[in-house]
2 protein chains.
Amino acid sequence: MSNAIEEKCKKKGVRLTDQRRVIAKVMSESDNHPDVDELHKKVNRHDSKISIATVYRTVKLFEEAGILAKHDFKGTKARYEETTREHHDHLIDINTGEIIEFVNEDIERLQKKVSEKLGYKLVDHRLELYGSKIKK
Amino acid sequence: MSNAIEEKCKKKGVRLTDQRRVIAKVMSESDNHPDVDELHKKVNRHDSKISIATVYRTVKLFEEAGILAKHDFKGTKARYEETTREHHDHLIDINTGEIIEFVNEDIERLQKKVSEKLGYKLVDHRLELYGSKIKK
DNA sequence: ATAATTGCAAATGCTTTGCTTGTGA
DNA sequence: TCACAAGCAAAGCATTTGCAATTAT
């Protein structure tokens, strides 16, 4: 249903095409973090003519427009997610590959502090936790 | 001079060859975090016959033996460093590419706490800070 | 109208691998 | 001796790109 990404494209002046609309729709509706191949497969259910090259190009375009975020988690190919309101980091289940988002202000603050102590202005960061589910 | 890695190989029962000795030596003496190509070039100054395939194989072997650590920082190829005594994370200078190591126990502790709160046992993690030098 | 976008296939860049010859313990 | 390692070139994978045809505005 929702196609929040298409709206963002309009807002940012990103030219829309049929293919981009489909890709936007699929990404808007996906809750997990698909890789390009998974995305391409889903997109092809709507329009089997859309090539993987277009998916690559679009995903990169959206990323440069700040609409999608790319993640290179350990041992997997690049994954994409819609850029959300608030910044968050990820915990990856090493057994299932499931990705859990979390926010921790204390860690954010400490990262900034560490950077400054080293004489740097923090511009970007990457924090990934890899864990296995605790069975109760 | 030093060849700490060769010692580690002996300790861990990793078979030594001329090529591996050279690679071990170069890595032992390098303070920065070389990528495979840089490493191969340095290695070739000692022995120009050593192929890049061997460098790839050796670096992977050492990594599996816990002697080297591999890092995939954003936007660069894989880099290697000798596994050191204590765990540390990295701050990458986005202008020069320089890599600064740091340790922060508070962050470590918080990561564990976050994982547990989410129902996971923390197995591994990745923390990278990207910053630009503050000019004074 | 026309600058941008697509699909296709070929090219890329990094890394791995099959195979034959060479070698460490 | 002989299982393992090295060198070479070919293959693999994810991603990018040149080009001719198509499309959005």
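Every chain is numbered from 1, with letters handed out A, B, ... down the list of sequences.
For residues 35-47 of chain B, proximity to DNA chain D is found at no residue, defined as any non-hydrogen atom under 4.0 angstrom from a strand atom. Using a 4.0 Å cutoff on non-hydrogen atoms, the parts of residues 60-78 of chain B near DNA chain C are B/Lys60, B/Lys77, B/Ala78, ordered by number.
Other residues sharing the hydrophobic cluster of A/Val123, ordered by chain and number and joined by side-chain separations under 4.5 Å: B/Phe73, B/Ile92, B/Ile94, B/Ile99, B/Tyr130.
For the pair A/Thr54 and C/dG7, the criterion of a side-chain N or O lying under 4.0 Å from OP1 or OP2 is met. Phosphate contact (OP1/OP2 of C/dT6, side-chain N/O of A/Arg20, threshold under 4.0 Å): present.
Minimum atom distance to the side chain of B/Asp18 is reached by C/dG24, of the listed C/dA3, C/dC14, C/dG24.
Nucleotides of DNA chain D lying under 4.0 Å from heavy atoms of chain A occupy a range whose first and last members, 5' to 3', are D/dA14 to D/dT25.
Here the side chain of B/Ser115 pairs no donor or acceptor atom with the backbone of B/Tyr120 at under 3.5 angstrom. Although no hydrogens or angles enter the test, the distance criterion places a donor-acceptor pair under 3.5 Å between the side chain of B/Lys8 and the main chain of B/Thr83. Checked by atom type and distance alone, the side chain of B/Arg20 pairs as donor or acceptor with a backbone atom of B/Arg15 at under 3.5 Å.
With DNA chain D read from its 5' end, the first of the two nearest nucleotides for B/Lys49 and A/Ile52 is the one closest to B/Lys49. Both B/Tyr56 and A/Val55 lie close to DNA chain C; mapped to their nearest nucleotides by heavy-atom distance, the more 5′-ward contact belongs to A/Val55.
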Sequence neighbours left out, cut at 3.5 Å: what donor-acceptor pairs do the side chains of residues 33-44 of chain A make with other protein atoms?
from	atom 1	to	atom 2	distance (Å)
A/His33	NE2	A/Glu81	OE1	3.1
A/His33	NE2	A/Glu101	OE2	3.3
A/Asp35	OD1	A/Asp37	N	3.0
A/Asp35	OD1	A/Glu38	N	2.8
A/Asp37	OD2	A/Lys41	NZ	2.8
A/Glu38	OE1	A/Asp35	N	3.1
A/His40	NE2	A/Asn44	OD1	3.2
A/His40	NE2	A/Ile50	O	2.9
A/His40	NE2	A/Ile52	N	3.3
A/Asn44	ND2	A/Asp47	O	3.2
A/Asn44	ND2	A/Ile50	O	3.0

In residues 55-69 of chain A, what donor-acceptor pairs under 3.5 Å come from side-chain atoms, sequence neighbours left out?
from	atom 1	to	atom 2	distance (Å)
A/Thr58	OG1	A/Thr54	O	2.7

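Annotation: A/Lys113, atom NZ; neighbour count of heavy atoms from other residues, nucleotides and ligands within 6.0 Å does not exceed 12. Within a 6.0 Å radius of NZ in A/Lys121, no more than 12 heavy atoms belonging to other residues, nucleotides or ligands are found.
When the P atom of C/dT5 is taken as reference, atom CD1 of A/Ile50 falls 15 Å away, rounded to whole Å. If you measure from atom CZ of A/Arg15 to atom P of C/dT5, you get 5 Å, rounded to the nearest angstrom. In this entry the distance linking CG of B/Leu16 with P of C/dT23 reads 16 Å, nearest Å.
Counted by atom type alone, B/His87 and B/Glu108 present one or more donor-acceptor pairs between their side chains at under 3.5 Å.
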What verdict does the salt bridge (Lys or Arg N to Asp or Glu O under 4.0 Å) test give for A/Glu105 and A/Arg109, after you've listed the backbone C-alpha separation in whole Å, the side-chain angles of each residue and the deciding distance to 0.1 Å?
CA-CA 6 Å; A/Glu105 290 305 335; A/Arg109 198 166 25 73; over 6 Å; no

Derivation and outcome, salt bridge (Lys or Arg N to Asp or Glu O under 4.0 Å), residues A/Glu6 and A/Lys10
CA-CA 6 Å; A/Glu6 188 173 327; A/Lys10 285 173 186 161; 3.6 Å; yes

